[in-house]
Amino acid sequence: SADMAAGPSVAAVSGPDHVPDYELIDVNTKVFNVGSFGGLWREKLKKTDLALGREGDVAQQLAAQRSLPTNMVDELQMVCSVDTLDCSKETTNSDVIPQDTDLVTLQIRKKVIEKKEERLMCDRICRQQIFEQEHEMQTVGRKPSNSENLVPAGEVILTINIYSPVIFTKHRENKPYHSMLVLGSQNLTELRDAISCVSDLQIGGEFSNTPDLAPEHISKDLYKSAFFFIEGTFYNDLRYPECGDLSRTIVDWVESHDRGYGKFHTAKMENYTFNDMCIKVGYPYLYCHQGDCEHIVIITDVRIVHRDDCLDKTLYPCVIKKPWLWTRKCSVCKLFIVRWVTNNDSLAPEDPCCFCDTCFRMLHYDADGNKLGEFLAYPYVDPGIFN
């Protein structure tokens with residue numbers, strides 16, 4: 001069944017033009033084919049609209065549109081230049097705010113800087129803004145050094161939100177998520193490899209007797225099976241010999257009785273690109289890995305690439321938003337992030353108990369590294385590792 005056709009046929013999707021329409025107003029669309037939708041836009045748009053290069057010099061465009069002589073255009077450029085906005089002849093330091101300024105924006109900026117200097121903790125909102133600014137500087141309009149990696153004109157770009165599993169009670173109402181940009185020509189496996197989840201970094205085993213023994217593999221290296229469930233089809237990751245079909249249990253359960261879900265299909269994730277997919281924008285789909293770690297996946301936008309996008313194919317899937325998660329602190333010092341969790345610990349006030357690496361070793365081992373007391377110790381990877 002791994003070679004069965006995935007999802008509904010293209011001809012049966014959203015009418016003859018494959019134009020997405022609302023299924024539920026302001027919630028999600030009806031099913032449509034991504035590749036056909038992109039092809040429709042490429043037919044309707046002009047080549048100048050799809051072009052990714054800058055259309056000549058601004059002065060030339062202005063002269064052509066307004067039928068202006070060259071000398072007048074040159075004069076307009078000189079008069080309207082940003083250099084004329086600086087009235088002072090002296091060079092000024094933009095990082096130094098004058099004390100006697102009357103500009104409200106500078107007064108607000110000064111208060112923000114003073115507040116940051118007083119606080120020891122980094123502002124989470126500021127940290128997200130810094131990430132967005134760094135992303136914009138690094139990717140907007142960026143072209144590859146190798147022309148083979150240039151995103152072709154008319155390429156489809158999808159915006160996808162990957163939601164984290166509910167790990168804290170407050171996340172039941174407001175779930176953190178990553179936002180990514182994915183090219184329509186990319187395989188599902190490329191999105192699967194780009195998803196960051198703390199479950200993939202977990203280290204299995206008990207290490208109370210050998211805390212310095214570095215494990216050779218993390219969970220992602222040991223358990224490589226995963227699937228996307230999109231429009232009645234399980235897209236399984238079967239690239240490696242050790243990969244199993246995680247969806248088989250669900251398919252067998254559905255087929256064992258008439259449960260009213262219809263017939264599910266299975267396919268290989270590596271054989272399908274997003275252009276091959278039939279999807280609904282705004283509809284929740286499922287990504288499952290590590291056996292039972294489930295993420296909601298929502299495609300929020302499908303559009304054509306433009307010249308201000310990142311034009312380097314090697315940088316896709318491209319993360320444009322990252323969540324901020326609370327980090328769990330050590331039960332002893334209340335300062336550092338947890339690295340160890342103990343069970344049946346005669347030296348700990350609670351079971352289980354969380355420790356940073358320093359407190360864990362100071363409490364449970366002597367100067368020679370010998371174990372003190374009886375306990376079980378497990379490595380812990382905090383969800384805030386991706387902050």
Point to revise | Residue pairs, two or more places apart or on separate chains, that pass salt bridge (Lys or Arg N to Asp or Glu O under 4.0 Å) and touch residues 182-196 | key: Arg192-Asp237, Asp193-Arg239
Point to revise | Exercise: do Thr273 and Asp276 side chains pair donor with acceptor under 3.5 Å | key: yes
Exercise for review: Kindly check if the number of other-residue, nucleotide or ligand heavy atoms within 6.0 Å of CZ (Phe375) is above 12?
Suggested key: yes
Review point. Do you reckon Tyr283 sits in the same ILVMFWY cluster as Phe274, going by side-chain contacts under 4.5 Å, direct or chained?
Key: yes
Check your understanding: Val79: which other cluster members, linking ILVMFWY side chains closer than 4.5 Å, directly or transitively?
Key -> none
**Study point:** Side-chain donor or acceptor of Gln186 paired with backbone N/O of Tyr316 under 3.5 Å
**Key:** yes
Check your understanding: Looking only at heavy atoms, what is the nearest atom pair of Val341 and Pro352, with distance?
Key -> CG1-CB, 3.8 Å
**Study point:** Residue pair Thr189, Lys268: steps toward the side chain to side chain contact (heavy atoms under 4.5 Å, CB included) verdict
**Key:** CA-CA 9 Å; Thr189 50; Lys268 292 182 179 180; over 6 Å; no
Exercise for review: Could you tell me how the ring of Tyr235 sits relative to the ring of Tyr272: parallel (under 30°), tilted (30 to 60°) or perpendicular (over 60°)?
Suggested key: perpendicular
Check your understanding: Just by modelled atom types, is the Cys354 backbone N or O under 3.5 Å from a matching donor or acceptor in the Ser331 side chain?
Key -> yes
Check your understanding: Counting only N and O atoms by type, is there a donor-acceptor contact under 3.5 Å from the side chain of Asp309 to the main-chain atoms of Leu311?
Key -> no
Practice item. Determine which pairs satisfy ring-ring contact (aromatic ring centres under 6.0 Å, His included) with at least one residue from residues 329-354, sequence neighbours left out, and list them in order. Key: Trp340-Phe360
Check your understanding: Say you draw a straight line from CG of Leu376 to CG of Asn344; how long is it, rounded to the nearest 0.5 Å?
Key -> 5.5 Å
Point to revise | Side chain to side chain, Ile157 and Val151, heavy atoms closer than 4.5 Å | key: no
**Study point:** Distance, nearest 0.5 Å, that separates CG of Leu50 from CZ of Arg307
**Key:** 10.0 Å
Practice item. If a pair satisfies salt bridge (Lys or Arg N to Asp or Glu O under 4.0 Å) and one of its residues is in residues 367-377, list it, with sequence neighbours excluded. Key: none
Check your understanding: Strictly by modelled atom types, are Asn28 and Glu23 linked by a side-chain donor-acceptor pair under 3.5 Å?
Key -> yes
Point to revise | Closest contact, heavy atoms only, Val281 versus Val302 | key: CG2-CG2, 3.9 Å
Point to revise | Side-chain donor-acceptor contact under 3.5 Å, Asp312 with Thr314 | key: yes
Check your understanding: Got a sec, which pairs hit salt bridge (Lys or Arg N to Asp or Glu O under 4.0 Å) with one end in residues 332-359, sequence neighbours left out?
Key -> Asp357-Arg361
Review point. Are Val27 and Ile298 joined in one hydrophobic group, where the rule is that I, L, V, M, F, W and Y side chains link up if heavy atoms are under 4.5 Å apart?
Key: no
**Study point:** Sidechain-backbone polar pair: His295 side chain, Tyr163 backbone, donor-acceptor under 3.5 Å
**Key:** yes
**Study point:** Verify same cluster id: Val254, Leu286 (apolar side-chain graph, 4.5 Å)
**Key:** yes
Check your understanding: Taking side chain as C-beta onward, heavy atoms only, is Thr342 less than 4.5 Å from His364?
Key -> yes
Point to revise | Spatial distance of atom CD (Gln107) from atom OG1 (Thr105) [nearest 0.5 Å] | key: 8.5 Å
Study note, to complete from the structure: Between Gly244 and Ser225 the two heavy atoms that sit nearest each other are N-OG, 2.7 Å
Check your understanding: Centroid-to-centroid, Tyr287 to Tyr285, below 6.0 Å?
Key -> no
**Study point:** Validation row: Val251, Arg248 side chains within 4.5 angstrom (heavy atoms)
**Key:** yes
Check your understanding: Nearest 0.5 Å, what's the CD1-CD1 distance between Ile299 and Ile279?
Key -> 3.5 Å
**Study point:** Rounded distance (nearest 0.5 Å) linking atom CG of Leu335 with atom OG1 of Thr358
**Key:** 10.0 Å
Revision key, fill the gap. Between His289 and Ser199 the two heavy atoms that sit nearest each other are CE1-CB, 4.2 Å
**Study point:** Within-4.5 Å side-chain heavy-atom neighbours: Asp200 and Gln290
**Key:** yes
**Study point:** Closest heavy-atom pair and its distance - Tyr365, Gly369
**Key:** CD2-O, 3.6 Å
Check your understanding: When clusters are formed by joining ILVMFWY residues with side-chain heavy atoms under 4.5 Å apart, either directly or through shared neighbours, do Leu222 and Leu246 land in the same one?
Key -> no
Review point. If we only count heavy atoms from C-beta on, is the Ile250 to Phe227 side-chain gap below 4.5 Å?
Key: yes
Revision key, fill the gap. Taking every heavy atom of Ile296 against every heavy atom of Pro284, the minimum-distance pair comes out as CG2-CB, 3.8 Å
Practice item. Kindly say whether Tyr378 contributes a backbone atom to a donor-acceptor pair with the side chain of Glu206 at under 3.5 angstrom? Key: no
Review point. How would you list, by chain and number, every residue that makes a side chain to side chain contact (heavy atoms under 4.5 Å, CB included) with Ser185, sequence neighbours excluded?
Key: Glu155, Leu183, Asn275
Review point. Would you say Val319 and Leu158 are hydrophobically clustered, going by side-chain heavy atoms of ILVMFWY under 4.5 Å?
Key: yes
Exercise for review: Taking the side chain as every heavy atom from C-beta outward, state whether Phe229 and Ser247 have any pair of such atoms under 4.5 Å apart.
Suggested key: no
Check your understanding: Quick one: are Ile304 and His306 in side-chain contact, heavy atoms under 4.5 Å?
Key -> no
Review point. Can you find a side-chain donor-acceptor pair between Asn161 and Ser179 that sits under 3.5 Å?
Key: yes
Practice item. Could you tell me whether the side chain of Asn236 and the main chain of Leu238 form a donor-acceptor pair under 3.5 Å? Key: no
Point to revise | Gap separating the CD1 atom of Ile195 from the NE2 atom of His178, nearest 0.5 angstrom | key: 9.5 Å
